[in-house]
A.B. asks: 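What follows is a structure written as structure tokens; I'll ask about it next.
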Number of protein chains: 2
Amino acid sequence: MGSSSRRDVLRAAAVGGVGLGLAALGTSGIAQATTQAATQAGTPSEAQGERPPHEQGGARGPKIGILLYEGFSVLDPTGPAEVLSRLPNATVTMIAERPGLVRSDTGDVALFADRPIAAVRDLDVLLVPGGSEKAVLRVFDNARLMDWIRRTHERTKWTTSVCTGSMILGKAGLLKGLRATTYWAGKEYLESLGATYVKARYVRDGKIITSAGVSAGQDMALYLASQLADDRTAQAIQLGIEYDPHPPFDTGSPDKADPELRALALKLLADSQV
Amino acid sequence: MGSSSRRDVLRAAAVGGVGLGLAALGTSGIAQATTQAATQAGTPSEAQGERPPHEQGGARGPKIGILLYEGFSVLDPTGPAEVLSRLPNATVTMIAERPGLVRSDTGDVALFADRPIAAVRDLDVLLVPGGSEKAVLRVFDNARLMDWIRRTHERTKWTTSVCTGSMILGKAGLLKGLRATTYWAGKEYLESLGATYVKARYVRDGKIITSAGVSAGQDMALYLASQLADDRTAQAIQLGIEYDPHPPFDTGSPDKADPELRALALKLLADSQV
């Protein structure tokens, strides 16, 4: 069953249930209808084994590919995935050198890469997340990955990065002469790769959009959503994920931190990485 | 090798490389030393097969467990995981009814659950993410999961939720008479479960902390980090993930959206879910 038609079946079964607006959940009929539809479309355990939606065909929206590699930072791919997977008919595909589990920099979280790079040629959007220093260095040394990034970039509508993912784009030679951004501690290294560093949450130059550290991928993804669809759609996605941030502290930028806090931030990152 | 000692080996090998502060990357000796250390500690592909860090022992920090179930929203567990895995000596473990892949509500992303609920008894922190309406309904109907949540909660220091994860805590009977929050569209349903809804990014009542929709888990996790460690540590983590949000729009709260945008937000969520 195509992903669109499968979605239609399940959506129709929800009979007025509006996404996560659970106000109507008291009506047991909705739960019943939903359970039946879920059974028809495959139980949760069966769903684990079937082909992921992006391989089921039928999608007419943007094809977004996120490149995973051992030692990525978990929020770098998942923040943008949360945003971009809400675009109408979009598919977000996790890609790696080989299909299978790919562990994050702390070793705590593993994401599954559904597709190997060898099977992915055309993407509307390529996103390269950041990772630990040694993870990024391993990507630099991986000619297959670096070649794939360069070849894929030639055919994308957008090539994007989060955090130290910008270093990977830069090392691939894609940022020469461009304005770009990256993690706050990586300014000098980014410039050594031929880019002009810009202090911003995200920077667009041509079809390349680079983001600042880790969490900035969410801001970038909302901008990208506005470009792939329109402002109104991006605004609705922002509301859909209730992205009205209000952290308990205001120390998210090096300008807002003393030198000791900056050093502690880098120490905690390094200590947490396996 | 214990996770702490493995971290020490790799960290020592980085010879002055400060986490993601890549300014020193130009020195090829660092790359060399890092590659050698990575080889000694297991190549990336070998690392996929070995036991995850939380099973290697040696941790003295907080034990954080995140419960996955089919149809979770991908940012709900991963935003807090990014924050909490930076706490000194913390372990973040993905848990599900059965170990293995668990797919998100859009079907695009699969996280790996390292531990089955049957093997997890003591946690310092339990986090229950939100998911699609039918995913949450399936959890309601899963007596094993609901019982495990109740039993685990009895022994936690903190029991927390993101988005519609609050409904799961509520259905388990944990929010009766408490102040709590949830996704903006779920206020009425949360109150039907005996909680007093509070409009906030996160709400603490006793040892239970509930969060607003999806992205609010990051704000909650920074608060939780300050409680598990101290303000200074949480502030350094905020800087470490460069969480200085500046989205291109300001429509992340229902108060900032017209009724049509609210309806569109719910439609996009429902349409994106398999």
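Lettering follows sequence order; numbering is per chain, from 1. Nothing here was measured: the structure is a model prediction, and the numbers come from that model.
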A.B. asks: Would you mind checking which part of Arg201(A) comes under 4.5 Å of any heavy atom in chain B, side chain (CB onward), backbone (N, CA, C, O), both or neither?
C.D. replies: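 The answer is the side chain of Arg201(A).
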A.B. asks: Considering only heavy atoms from C-beta outward, does the side chain of Thr181(B) approach that of Ser166(B) to under 4.5 Å?
C.D. replies: no
A.B. asks: Answer whether the closest heavy-atom distance between the side chains of Met167(A) and Thr182(A) falls below 4.5 Å.
C.D. replies: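 They are in contact (side-chain heavy atoms under 4.5 Å apart), so the answer is yes.
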A.B. asks: What residue, out of Glu97(A), Lys256(A), Met220(A), has the most heavy-atom pairs lying under 4.5 Å from chain B?
C.D. replies: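 If we count pairs closer than 4.5 Å to chain B, Lys256(A) comes out on top.
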A.B. asks: Find out whether Glu242(A) and Tyr183(B) are in side-chain contact, i.e. whether some heavy atom of one side chain is under 4.5 Å from a heavy atom of the other.
C.D. replies: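 With C-beta onward as the side chain, the pair touches.
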A.B. asks: In terms of heavy-atom pairs under 4.5 Å, which option from Leu111(A), Ile237(A), Ile64(A) contacts chain B the most?
C.D. replies: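 Option with the greatest count: Leu111(A).
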A.B. asks: With only heavy atoms counted, which part of Thr233(A) is less than 4.5 Å from chain B, the side chain, the backbone, both or neither?
C.D. replies: both
A.B. asks: Between chain B and each of Ala265(A), Ser226(A), Ser192(A), Ala113(A), count heavy-atom pairs under 4.5 Å; write down the option with the most.
C.D. replies: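 It is Ala265(A).
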A.B. asks: Side chain, backbone, both or neither: which part of Asp258(B) has an atom under 4.5 Å from a heavy atom of chain A?
C.D. replies: side chain
A.B. asks: Hey, are the side chains of Pro247(A) and Gln235(B) touching, using non-hydrogen atoms and a 4.5 Å cut-off?
C.D. replies: no
A.B. asks: Sort Gln218(A) into side chain, backbone, both or neither according to what part of it lies under 4.5 angstrom from a heavy atom of chain B.
C.D. replies: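 Only the side chain of Gln218(A) comes within 4.5 Å of chain B.
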A.B. asks: Does Lys187(B) have any side chain to side chain contact (heavy atoms under 4.5 Å, CB included) partners at least two apart in sequence or in another chain, and if so, which?
C.D. replies: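 Expected list: Glu191(B), Tyr197(B).
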A.B. asks: Checking heavy atoms, do the side chain of Ala110(A), its backbone, both or neither come under 4.5 Å from chain B?
C.D. replies: both
A.B. asks: Which answer fits Pro77(A), side chain, backbone, both or neither, if we ask what part of it has an atom under 4.5 Å from a heavy atom of chain B?
C.D. replies: neither
A.B. asks: Show your reasoning for whether side chain to side chain donor-acceptor pair (under 3.5 Å) applies to Gln238(B) and Thr251(A).
C.D. replies: CA-CA 6 Å; Gln238(B) 182 177 9; Thr251(A) 56; 3.0 Å; yes
A.B. asks: Between Val214(B) and Tyr243(A), is any pair of side-chain heavy atoms under 4.5 Å apart?
C.D. replies: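 Answer no - side chains too far apart.
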A.B. asks: Any heavy-atom pair between the side chains of Pro80(A) and Val162(A) that's under 4.5 Å?
C.D. replies: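 In contact.
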A.B. asks: Using heavy-atom distances under 4.5 Å, tell me whether Ala212(B) contacts chain A through its side chain, its backbone, both, or neither.
C.D. replies: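 For Ala212(B), heavy atoms of backbone and side chain both lie under 4.5 Å from chain A.
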A.B. asks: Given heavy-atom pairs under 4.5 angstrom as the criterion, report whether the side chain, backbone, both or neither of Asp255(A) touches chain B.
C.D. replies: neither
A.B. asks: Non-hydrogen atoms of chain B under 4.5 Å away: do they reach the side chain of Tyr202(A), the backbone, both or neither?
C.D. replies: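 Contact with chain B is through the side chain of Tyr202(A) alone.
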